[in-house]
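Reading through the structure tokens given below for one structure.
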Amino acid sequence: MLLFLSVVQLLFVLALSPLIVGILKRAEERLESRIGAPILQTYFDLAKLFRRESLRAASASSFFTAVPYVLFGLYLFLTLVLPIITAFPLTFGPTVDFIGGGLVFGAAATLKKIAALDSRSNFSHLGASRNAAIGALSDVILVFVFIMLGVLSKTNNPYVINNILQTSASWYLSLLHWFVASAFFMILIVETGQLPVESHSTAELGMIDQALSFEYSGPELALYQWAGYMKQFILMSVFLNVFVVPFWVPMKPNLVGVAIYMLIHVGKLVVLTGVFALLNATVSKYKLYKNFDFLAVAFALAFLGSIAFYAAGGGA
Amino acid sequence: MIHYIDLLGFFLIVLALFMQWQIYVTRVIVTFATASMLIAAALLYSGLVSGRLPVVILAALTAVVRGITIPAIVVRGLHAKPHRVREQKPVLPIATSIVVSLALVLGSYAIYNLGLRSAVGAQAGFLPLALFLQGGFLIVTRRNAFIQLAGYLSMENAVLLLGSLVLPGFPFIVEGGVILDLVGVVVVSRIIMRLRESGQSGEDHRHGELFG
């Protein structure tokens with residue numbers, strides 16, 4: 001049964017991750033009083049890219065071509081080990097803990113940067129440089145957040161953390177929990193490229209993540225983009241299931257319960273997508289160097305969580 | 001279970017960090033007004049729970065003077081000086097200021113535990129001290145007089161928080177007097193700012209004693 005649920009979770013993320021991005025784009029357009037593309041447009045775009053010819057810059061090596069496939073594989077692996085539709089470990093759950101999951105995310109980000117450098121494109125290099133500068137700080141904050149969650153739950157297992165927050169009102173309402181949840185939300189904005197950190201426009205000078213995939217085309221670009229959608233879906237799911245709304249996630253294997261929760265989870269994701277759309281429609285983009293102020297605030301919140309825990313009586 | 005005063009202290013520190021983050025004066029002033037309203041709400045809760053009328057009056061005074069009147073005076077003064085609506089060049093980069101602010105919180109915790117905790121008793125008594133230092137830090141890291149004023153008022157909030165934490169029976173008349181004094185401070189500060197900007201040496205001479 002666990003193996004079956006693993007496959008269901010994998011297909012759930014694979015199938016719905018482009019939909020969430022489509023809903024986000026549509027919601028942004030509607031908030032700006034425009035009609036916008038249909039929410040299924042991301043699927044059509046992926047299908048179109050899969051049919052297109054694959055081109056590679058003459059100066060790029062075969063590593064450049066291989067990276068989208070590896071990225072796709074890494075994010076598929078992460079869908080199998082994180083709590084997305086269940087709050088009990090599935091077949092591959094014991095493979096990694098939160099820190100291990102963070103390292104896999106880090107490995108994927110590093111591969112993207114190396115591939116961007118390998119493309120020899122100036123704009124990709126610019127994106128890689130910015131991505132590395134921001135990632136060097138945001139990844140550390142992410143690990144700090146995970147460590148503080150480990151302090152809360154005495155484990156690095158995301159399933160256990162979800163179970164504790166589902167069942168313990170005092171931990172759920174604790175300052176430690178809300179400080180690290182706020183810090184994680186800010187990192188989520190950075191990692192998924194939302195405003196005020198990054199705007200998705202055609203202006204190369206403001207690009208960070210978007211510039212990394214400049215030289216990809218055809219099926220490689222499709223896989224690269226789909227991997228990005230999966231990353232966004234997974235991080236949003238972790239934010240919802242482990243940090244903010246850990247409720248209703250089934251804690252015991254039950255097919256009907258999991259099926260019902262899958263619908264609830266889509267609802268949770270749509271609400272979070274609405275929050276992102278509202279941010280993207282109302283907040284203006286920071287100058288590049290202001291992003292470090294944003295990260296400093298995220299770090300401050302995580303740090304205050306630790307002070308609340310150690311200095312003010314446990315935070316609960 | 002964390003005490004509501006501790007909770008308030010952490011909220012105020014987050015708001016102080018938010019002030020460090022912002023460069024637009026209006027946002028800093030609105031943040032100060034929010035902090036004042038939070039303090040007023042905490043005082044109101046404390047007064048209602050303990051049944052002490054002076055604390056309820058103090059809550060109302062805090063809301064009216066710190067939450068509404070002072071921010072309104074400052075924002076009104078701002079409309080007349082569009083060049084002062086934002087900090088042009090902070091003394092320290094914003095990210096560095098935020099990290100130093102955190103170090104101040106940590107330092108406050110160390111100082112409090114080493115020397116003051118035995119006297120005060122409250123576990124989270126370092127929060128007002130941290131807030132006080134952050135207010136001072138805002139003053140030294142900014143060049144904009146309105147933001148410096150917000151820093152000074154944050155220090156005042158810290159003193160009020162310390163008073164409600166350490167001396168719950170602090171004479172009402174003293175706290176009420178301090179709150180009303182603040183209006184005078186804000187008015188005097190606005191006069192000084194106006195004098196500085198007018199740049200007339202005769203005016204400066206006549207009101208020289210106001211500079212202290």
Side-chain angles (χ1 to χ4, degrees), chain A residues 133-134 136-138 140-141 144-145 148 152 168-187 189-190 196-197 282-316, chain B residues 1-24 27 31 86-87 89-90 92-114 116-117 121-131 134 137 141 165:
Chain A
I134 291 173
L137 296 172
S138 69
V140 175
I141 299 167
F144 189 33
V145 164
M148 289 320 297
L152 181 151
S168 166
S170 64
W171 274 123
Y172 182 75
L173 296 173
S174 68
L175 273 177
L176 168 62
H177 169 234
W178 284 105
F179 273 132
V180 294
S182 309
F184 189 86
F185 181 69
M186 295 181 81
I187 296 299
I189 287 174
V190 174
V197 173
T282 54
V283 176
S284 54
K285 186 184 168 304
Y286 282 154
K287 287 180 197 167
L288 192 65
Y289 289 104
K290 285 287 283 177
N291 287 335
F292 296 101
D293 301 348
F294 187 84
L295 287 169
V297 173
F299 173 71
L301 289 172
F303 191 80
L304 281 176
S306 69
I307 290 180
F309 181 78
Y310 288 111
Chain B
M1 193 71 179
I2 196 156
H3 195 264
Y4 79 97
I5 289 284
D6 302 344
L7 196 62
L8 174 69
F10 274 105
F11 272 124
L12 294 182
I13 285 180
V14 170
L15 291 176
L17 283 170
F18 187 76
M19 283 188 200
Q20 290 283 358
W21 187 15
Q22 297 305 314
I23 54 168
Y24 285 95
R27 286 186 190 168
T31 310
R86 56 171 285 176
E87 174 73 52
K89 194 175 186 308
L92 277 181
I94 303 288
T96 312
S97 299
I98 290 167
V99 174
V100 173
S101 289
L102 283 180
L104 289 176
V105 175
L106 209 56
S108 308
Y109 176 65
I111 292 167
Y112 178 75
N113 272 311
L114 286 175
L116 298 171
R117 186 167 176 177
Q123 191 174 16
F126 71 97
L127 293 170
L129 182 60
L131 198 61
Q134 284 190 327
F137 187 62
T141 52
L165 187 72

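Reminder, nothing fancy here: chain letters follow the sequence lines and each chain counts from 1.
- For the set A:Y286, A:Y289, A:F292, the entry with the most heavy-atom pairs within less than 4.5 Å of chain B is A:Y286.
- For B:I98, the part sitting under 4.5 Å from any heavy atom of chain A is the side chain, from C-beta outward, and nothing else.
- Between B:L17 and A:L304 there is a side-chain heavy-atom pair separated by less than 4.5 Å.
- At most 12 non-hydrogen atoms from other residues, nucleotides or ligands lie less than 6.0 angstrom from CZ of B:F11.
- Heavy atoms of B:L102 lying under 4.5 Å from chain A belong to its backbone as well as its side chain.
- Here the shortest heavy-atom pairing between B:W21 and A:M186 reads CH2-CE, 4.1 Å.
- The two residues B:V14 and A:F179 make their nearest non-hydrogen contact at CG2-CE2, 3.4 Å.
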